[in-house]
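Worksheet for the structure shown next.
Both backbone and side-chain heavy atoms feed into the values below; hydrogens, waters and symmetry mates do not. Reminder, nothing fancy here: chain letters follow the sequence lines and each chain counts from 1. Remember, it's a predicted structure, so these values are computed and weren't measured experimentally.
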Amino acid sequence: MPKLKINDTEIEVAQGTSILQAAEMLGYEIPRFCYHDKLSVPANCRMCLVEVKGAPKPVASCAMAAGENMEVFTGTEMVHKARKGVMEFLLINHPLDCPICDQGGECDLQDQAVGYGYDRSRYYESKRAVKDKELGPLVKTVMTRCIQCTRCVRFADEIAGTPDLGLLNRGEDAEIGTLVEKMIGSELSGNLVDVCPVGALTNKPYAFKARSWELRKTETIDVHDAVGSNIRVDARGGEVMRVLPRLHEEINEEWTNDRSRYAIDGLKKGRLDTPYVRNAKTGKLEKASWEKALETIAVKIAQTDKNKIAALAGDLCDVESVVALKDILDNLGTPHRDCRIDGAHFDASTRSGYIFNTGIANIEQADCILLVGTNPRVEATLVNARIRKTWLEKRLPVGLIGEPADLTYKHTYIGVGPDSLQALASGQHSFAEKIKNAKNPVMIVGMGVFQRADGLALHAQLHDFAEKMGFVKDGWNGFNILHTEAGRVGALDVGFTPATNGMDFAHIVEGTENGKVDVLFLLNADFARALGDNAFVIYQGHHGDSSAAHADVILPGAAYTEKEATYVNMEGRAQIAKRAVYAPGEAREDWKILRALSTALGKPLPYDDLGTLRQRIAKEFPHIASPDVRVVAPWKQFGQAGAVKMEPFHNAVRNFYKTNVITKASAVMTACVEKFLSKNDERKAA
Amino acid sequence: MFVIPAKAGISANRPQDPHFREDDKEENPILFLTNMGHNNRMKVKIYQPSKNAMQSGRGKTKTWLLEYELETPRTPEPLMGWVSSGDTLNQVRLKFDCVDKAVAYAKKEGWEYTVIPHQERVVQPRNYLDNFKYRPHEEAS
């Protein structure tokens, strides 16, 4: 633990800490371009020069480890002069683009030029120009602005695991490029824009749309996968302009995936902004008032046998609306409800059986990982990034059962289906040895494993497998389910699953055909399965997708950026999303619509504002009441013994860019599908 | 099913209806959609802005902010179509040194507040030598 003095303040830091990091701990900010907390240290921008007593020249503080008895000065005349020199060289070839550059206003070079730039140029030779690169529909390049900090190269190499970028040539000809021109086909490519300290890589769909200082920033939660990434939604007026990640070390670190960042144009297209009621004579959906819509539902429900009413909650539901809907169903006295609208069969009675028990951050403690029926790169990109980070650090063994995939790290492919699990359990496969020798083994099971008829039996089998192979032991729970939908764990936590004698998703959908279900309430539930014509379908949601087309009454709800709502991520961590903008037209927050509906049905729910609703939730489900706490679950028995078919596992998500109604409406995501996914993937996705 | 009182031309108006009475809400769901869901207490959120992912500087991440929650939507104003709002509290941001002071202030005013937890940055010690650190090429067995 070296002890050093920075500007006459003494500090003791961990071995290997750089001077820059030590100075930052004391609150001295040191300018930098190439250094980034989460990336390796190249020390090539030289902006972070400091004076060290005894050293003949200024020292790059990001590269030099703090040493015993070092005396560092960060603000002396010499430091200032050295940094000014560096800045002058950086600006020689940097164009005066600031007024037309998207980075303007939030540019490190711009800011630091205020502190260290000269007010005029001493450079009279011709400037260098670099050809722009085509990196696809998400990242725009203006390569002349590049200052060769190589952050993008290191990000692509280390975090994304798609080593396509590099620094080509040398001297004045040095430029960032892909050698053979190609697009960056990474699910994390949006982060290249963030790490770029200048305007060389910018957000393509956002280009020339807004300036950073005009935007109203709302810190909220992402719903495009079950990771629950922390994001910041930047809105201007009533429009969401862009999404940026924000720091949460236990979930997304400082990254977010391309879907959550770029699918926001889908929030403006295909929205339901007014209630609709199907005209009985013409059979067409017609615009209606809230009164008419709610009354139509109330009349229909009054005429219906209560045992023939069913409800499904979909993938973007917040906890509040699910609880409100559950309360309405309980008041009506119907047990038919489900939230697993992808047709997954698993035992929802035990919490440890359906959450990501280990926790995303604790993946870093693992020393052996087994992936079953999942491609985390597509299903939960940031979980995959975490596995890659761990793999880079330790080169731990990773095994994969299911569809072969490029996971961005080396792994042992074990097999396609349940027979491989048996081979591991019996020790036939050599990977079994590695699991048994591991101290903290982790098993990650994809949703695809349960999207088959024998899902329940597989759930039980996986439970026994986890115990037998040592995934679960004292002080360590390595059994994890990788959910793909943001609303799923929350809905499971509040028990939105079939009550006693209730029908599950498959039976409810069948019921609409065979007359067992007369009224079906869909809360943000969009799925590809066709519904029977005889059932009266109520759709509450924000996009006019396939399910809304079936509906007899449409209640327009609010999307995730438009309501204050709680979401529970796959680790069982409740997080509160904030409202960035208002929903369009007549659309309302989901729980309010349900509260209004309950009045129309004659039994008002006992909460009038969000506070009382949250109190009601906290009373019955206390773990949801404490935001941002990962509530662990005790390990118990789950699943149902039964026969397991030896069919191969299929992944739950095939098309990364099209997973929910928002992404389906997004033109940017469509462009990504065309550019990045092969024809084969597209066919599978359809 | 239910009677909509004549006084309410309500469904289109989102701002609070001055005629709203507490006892109406039981009979009339529409009133609920338009006015309710907010009681009369002011709602605020208290948070510490996270570092902008686009930049390295941390200057503005040290203070705690108290901001009013959006209570009305922004709408295009009729003359020019520019975005407008009658909610002047939208622009108000109060700065506090620490979260306790912000919470105390909100409590004193009797506001409903939510605190967005602050996320601590974990900095892993790193320097140039790490580039040459030995890492096994193959997985450990």
*So which part of A:Glu219 gets closer than 4.5 Å to some heavy atom of chain B, the side chain, the backbone, both or neither?*
both
*Contact part of A:Lys217 toward chain B, heavy-atom cut-off under 4.5 Å: side chain, backbone, both or neither?*
backbone
_Segment of A:Leu392 engaging chain B (4.5 angstrom heavy-atom cut-off)_ = backbone
*Among the options A:Leu613, A:Ile576, A:Leu247, A:Thr17, pick out the one with the most heavy-atom pairs lying under 4.5 Å from chain B.*
A:Leu247
*Go through A:Glu564 and B:Lys43 one step at a time and tell me if the salt bridge (Lys or Arg N to Asp or Glu O under 4.0 Å) criterion holds.*
CA-CA 12 Å; A:Glu564 185 165 339; B:Lys43 281 190 203 61; over 6 Å; no
_A:Gln103, part contacting chain B, at a heavy-atom distance under 4.5 Å_ = side chain
_Residue part contacting chain B, namely of A:Arg236, when any heavy atom lies under 4.5 Å_ = neither
*Check whether A:Pro42 gets within reach of chain B through its side chain, its backbone, both or neither, counting any heavy atom under 4.5 Å.*
backbone
*Side chain, backbone, both or neither: which part of B:Thr114 has a heavy atom under 4.5 Å from chain A?*
side chain
*Think A:Arg595 forms a cation-pi with A:Trp591, using NZ or CZ under 6.0 Å from the six-ring centre and within 45 degrees of its axis?*
no
*Most heavy-atom pairs under 4.5 angstrom with chain A, which of B:Arg121, B:Glu120, B:Arg74, B:Gln124?*
B:Arg121
_Closest-packed option against chain A by number of heavy-atom pairs under 4.5 Å, given B:Lys51, B:Arg126, B:Lys133_ = B:Arg126
*asked:* Need one label for A:Cys107: side chain, backbone, both or neither, based on atoms under 4.5 Å from any heavy atom in chain B.
replied: backbone
*Would you find a donor on one side and an acceptor on the other, under 3.5 Å apart, between the side chain of A:Asp234 and the backbone of A:Val243?*
no
_Heavy-atom cut-off 4.5 Å, strictly under: side chain, backbone, both or neither for A:Ile221 against chain B?_
neither
